[in-house]
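Side-chain atoms are counted along with the backbone in the values below, which use heavy atoms only and exclude waters and symmetry mates. We name chains A, B, ... by the order of the sequence lines, and we start the count at 1 in each one.
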4 protein chains.
Amino acid sequence: MQSRTPAGRAGRPRSAAADAAILAATRAALVELGWSGLTLSDVAARAGVAKTTLYRRWAGKNELVVDAVAELFDELRLPDRGSLAADIEGVVLQFAAILARPEAGSGLMGVVAESTRDDALRERIRASIVRRQKRLVLAGRARAEQRGELPPQADPEAAARTVDLIFDMVAGAVVHRALVSAEPADEAWARDFTRVLLRGLTAAG
Amino acid sequence: MQSRTPAGRAGRPRSAAADAAILAATRAALVELGWSGLTLSDVAARAGVAKTTLYRRWAGKNELVVDAVAELFDELRLPDRGSLAADIEGVVLQFAAILARPEAGSGLMGVVAESTRDDALRERIRASIVRRQKRLVLAGRARAEQRGELPPQADPEAAARTVDLIFDMVAGAVVHRALVSAEPADEAWARDFTRVLLRGLTAAG
Amino acid sequence: MQSRTPAGRAGRPRSAAADAAILAATRAALVELGWSGLTLSDVAARAGVAKTTLYRRWAGKNELVVDAVAELFDELRLPDRGSLAADIEGVVLQFAAILARPEAGSGLMGVVAESTRDDALRERIRASIVRRQKRLVLAGRARAEQRGELPPQADPEAAARTVDLIFDMVAGAVVHRALVSAEPADEAWARDFTRVLLRGLTAAG
Amino acid sequence: MQSRTPAGRAGRPRSAAADAAILAATRAALVELGWSGLTLSDVAARAGVAKTTLYRRWAGKNELVVDAVAELFDELRLPDRGSLAADIEGVVLQFAAILARPEAGSGLMGVVAESTRDDALRERIRASIVRRQKRLVLAGRARAEQRGELPPQADPEAAARTVDLIFDMVAGAVVHRALVSAEPADEAWARDFTRVLLRGLTAAG
DNA sequence: GGGTAAGCGAGACGGTACGTCCCGTCTTATC
DNA sequence: GATAAGACGGGACGTACCGTCTCGCTTACCC
């Protein structure tokens with residue numbers, strides 16, 4: 001989102017309802033048409049909005065899809081299933097469920113593909129998706145420390161590096177399994193994956 | 001590639017040089033224009049070939065890019081650096097180096113985005129990229145068994161599951177680090193990642 | 001003009017200055033942008049007036065331009081140069097000078113083009129421009145009768161027909177010369193034209 | 001027209017039928033929609049042709065309409081009605097009949113309006129319409145000289161000036177009568193007009 | 001070594017979406 | 001109630017690619 005009538009007062013204010021309608025229409029269009037089939041004219045029509053309204057708020061397809069997809073990942077929650085392993089499995093399965101929805105997979109891969117040539121887009125993805133979802137890793141570790149499953153980490157810089165690594169390992173593995181290898185990221189897989197990850201993080205060595 | 005003068009005989013045979021020129025032109029265009037900027041007219045012009053020639057050999061942009069990108073990953077080699085950890089680090093760094101090239105990252109993400117709505121394309125990616133590069137995991141494990149770093153695995157089905165899991169974990173983490181988080185997958189990161197992965201695979205537990 | 005605060009009293013009265021500013025802005029925009037480039041948003045901005053103000057007073061571009069152009073032709077004066085021939089030449093040259101200004105030529109042709117499909121607009125042109133400028137023909141004939149250059153005309157209906165004919169012949173020739181043939185309607189041409197016209201009107205026959 | 005595959009050979013040749021279909025569709029659209037309502041998308045659709053095909057052959061609406069309208073005036077013929085006066089009346093009535101058709105009047109005025117800011121367009125009008133129809137004046141004078149109604153003109157430069165003047169007077173009067181004054185240019189008017197014109201040209205003085 | 005069928009370059013073709021611009025209306029707050 | 005400001009739904013613009021087609025040439029294979 002980047003709306004809000006600029007500074008002060010003059011003129012008709014922007015419709016608040018339009019933003020939500022546009023993002024929902026974007027996801028619906030991604031479901032039906034996929035990334036390359038998505039056109040802004042179509043999104044505008046679905047949202048019951050003129051193309052100008054859409055372009056007044058988003059610079060283009062890329063920015064729009066980042067926002068539409070980012071909202072999807074905000075649905076993720078860290079469940080409390082009693083143990084760190086079970087919590088991780090829960091998040092992995094939720095994440096896999098979201099990626100299995102066509103709007104998420106094709107939208108995410110599409111904007112990542114475009115971001116290789118667009119610095120502003122890359123930063124938008126990092127801010128709206130990557131940094132925002134690292135909250136799950138932080139929350140998971142905090143809970144595990146409360147439970148005594150993980151020791152508190154003294155060095156804050158090393159802790160941050162570990163958070164980044166875990167996030168890339170978890171998100172990367174699920175994305176790759178679901179979208180590149182195109183195999184189901186089901187409960188059995190989530191269990192196997194979680195076992196390897198947790199051992200790697202906790203084993204003496 | 002899917003050329004070869006169809007069944008029999010008559011008529012002028014297809015130019016062998018054209019295939020290679022087209023794939024190289026595709027990669028060059030991906031570097032300059034990115035996935036969405038790539039047009040088949042432009043590729044044909046760069047390759048010094050008519051559009052008809054290109055369409056006679058590939059069904060469209062997606063198929064062409066899969067083939068062009070697949071060739072890039074064929075450059076990957078399993079180095080012999082004396083230990084499994086060092087071998088993995090070597091492959092991770094090679095993989096990261098390839099993904100850092102714009103033609104690889106944007107091409108791979110582009111076709112994966114499209115593959116969410118195109119079963120044939122998804123299978124083409126699995127065959128040309130995923131299954132083909134699993135050779136690296138297989139070779140790594142074989143060498144580690146020879147060195148005695150890993151025990152021979154009895155159950156072939158479990159072995160296959162492990163190969164798949166390792167491949168998704170390695171490739172996924174590198175792809176996510178390089179393209180989604182958009183942070184450098186450098187030597188320090190490769191060391192951290194490899195330590196967690198190897199402990200996860202070898203620790204008692 | 002068709003303003004004037006409607007019937008009675010209530011509320012803020014319309015700004016009188018705005019009408020003049022808008023018509024002047026319209027002519028300025030015609031000079032810079034021509035008929036097709038003229039937009040009402042731009043006129044409003046030039047006049048320092050909101051679009052709503054403009055639409056409250058004129059129905060659209062056509063009506064606005066008729067009024068703006070009509071004011072230009074009101075500048076025409078019948079000079080007293082001592083003879084009917086000289087008077088006609090004077091008016092012809094004044095008329096040509098006005099049509100040479102881009103706001104007049106492009107504005108007039110533009111609204112005439114539109115008037116072929118808009119009866120109200122056609123009548124507005126006839127009232128604001130055609131009938132209003134026929135005063136010049138009437139004044140010229142009156143003065144020529146005073147001078148004894150033309151005999152008084154008895155039949156009022158025939159007189160009206162002749163006024164119409166002369167008006168179309170003079171205005172038509174100048175417009176066609178200046179805008180369609182796009183050749184200069186200069187003094188030499190005015191002299192040639194006036195000679196033919198006057199002979200045609202006065203010769204025995 | 002400005003088509004024709006450039007120099008030599010390569011590539012699919014342009015469809016000859018398309019040109020004619022497009023010009024006819026342009027006239028049909030002018031009839032229904034008028035100058036400002038005419039859109040090139042609509043013309044293309046009526047002609048059963050893609051917009052690209054249209055833009056490949058004409059630079060824009062202005063050029064297209066000049067060509068479409070010019071063809072209308074090519075229908076004009078100098079009738080042989082036995083006397084110069086009758087011949088002129090015949091041409092005047094034909095010309096009035098063409099201008100009464102909405103495609104002619106609105107198209108001609110529209111392009112003339114645009115030509116005030118476009119030198120190339122102005123020249124196109126002069127070449128395709130003005131200079132081309134002067135043939136009628138030339139033919140009329142030649143026939144009148146044969147009949148002995150007009151003396152042969154010695155000075156070729158003066159003759160050219162006279163042709164230009166007559167053309168602007170005839171065409172201008174008819175255009176102004178029909179489109180600006182918006183009164184019928186009927187037989188009575190044509191007789192009155194022709195009488196004045198012919199007396200002006202032939203009277204001693 | 002001559003005939004022929006497919007490959008090839010060029011580029012026109014019917015389509016479709018783009019992102020921009022203007023239209024004429026509307027909704028605010030201010031005067 | 002008129003105004004300035006500007007968002008709104010709508011629609012045409014001219015451009016760019018798409019994937020197909022229609023040409024005239026070229027080239028290797030088969031008889």
Whole angstrom value for the distance that separates P of F:dG19 from CH2 of B:W58: 15 Å

Nearest whole angstrom, please: distance from the C1' of F:dA7 to the CG of A:L54. 14 Å

Provide, to the nearest angstrom, the distance between the CG atom belonging to B:L33 and the C1' atom belonging to F:dA16. 13 Å

Determine yes or no for a side-chain-to-main-chain donor-acceptor pair under 3.5 angstrom, with B:R27 supplying the side chain and B:A68 the backbone. yes

Pick out the pairs of N or O atoms, protein on one side and nucleotides 20-22 of chain E on the other, that lie under 3.5 Å.
| from | atom 1 | to | atom 2 | distance (Å) |
| --- | --- | --- | --- | --- |
| E:dT20 | O4 | A:K51 | NZ | 3.3 |

Worked check of side-chain contact (heavy atoms from CB on, under 4.5 Å) between A:D19 and A:W58: CA-CA 10 Å; A:D19 274 15; A:W58 282 275; 4.0 Å; yes

At 4.0 Å (heavy atoms only), tell me whether B:G60 reaches a base, stays on the sugar-phosphate, or touches nothing. nothing

If you pin D:V49 and B:A18 to their nearest nucleotides in DNA chain E, which one's is more 5'? B:A18

What's the closest nucleotide to the A:P13 side chain, out of E:dC8, F:dT3, E:dT28? E:dT28

With respect to A:R124, which candidate in A:D118, A:N62, A:D67, A:D119 satisfies the side-chain hydrogen bond (donor to acceptor under 3.5 Å, both in side chains) definition? A:D67

Here's a test for you: under side chain to side chain contact (heavy atoms under 4.5 Å, CB included), which of D:L23, D:L121, D:L30 qualifies with D:V65? D:L30

Which comes earlier along DNA chain F counting from the 5' end, the contact point of A:G48 or that of B:D42, where each point is its nearest nucleotide? A:G48

Any donor-acceptor N/O pair under 3.5 Å between F:dC8 base and A:R12 side chain: no

Evaluate the side-chain contact (heavy atoms from CB on, under 4.5 Å) criterion for residues B:K61 and B:L40: first the C-alpha distance (whole Å), next the side-chain angles of each, then the deciding distance (0.1 Å), finally the verdict. CA-CA 7 Å; B:K61 175 167 160 170; B:L40 294 209; 4.1 Å; yes

Looking at DNA chain F, which of residues 111-123 of chain C put a heavy atom within less than 4.0 Å of it? none

How many angstroms lie between atom CG of A:L108 and atom CE of B:M109, to the nearest 0.5 angstrom? 8.5 Å

Under-4.0 Å salt bridge between A:E32 and A:R46: yes

Working to the nearest 0.5 Å, report the span between CG of A:L54 and CD1 of A:I22. 4.5 Å

Roughly how far, to the nearest 0.5 Å, is CH2 of D:W35 from OG of C:S36? 8.0 Å

In this structure, how many angstroms lie between the C1' atom of E:dA12 and the CG atom of D:D19, rounded? 13 Å

Just how far, in rounded Å, is P of E:dA6 from CZ of B:R57? 16 Å

Reading DNA chain F from 5' onward, which residue's closest nucleotide shows up sooner: C:T53 or D:K61? C:T53

Expressed in angstrom and rounded to an integer, what is the separation of D:R14 atom CZ from F:dC21 atom C1'? 16 Å

Return the value, rounded to whole Å, for the distance between atom CG of A:N62 and atom C1' of E:dA17. 15 Å

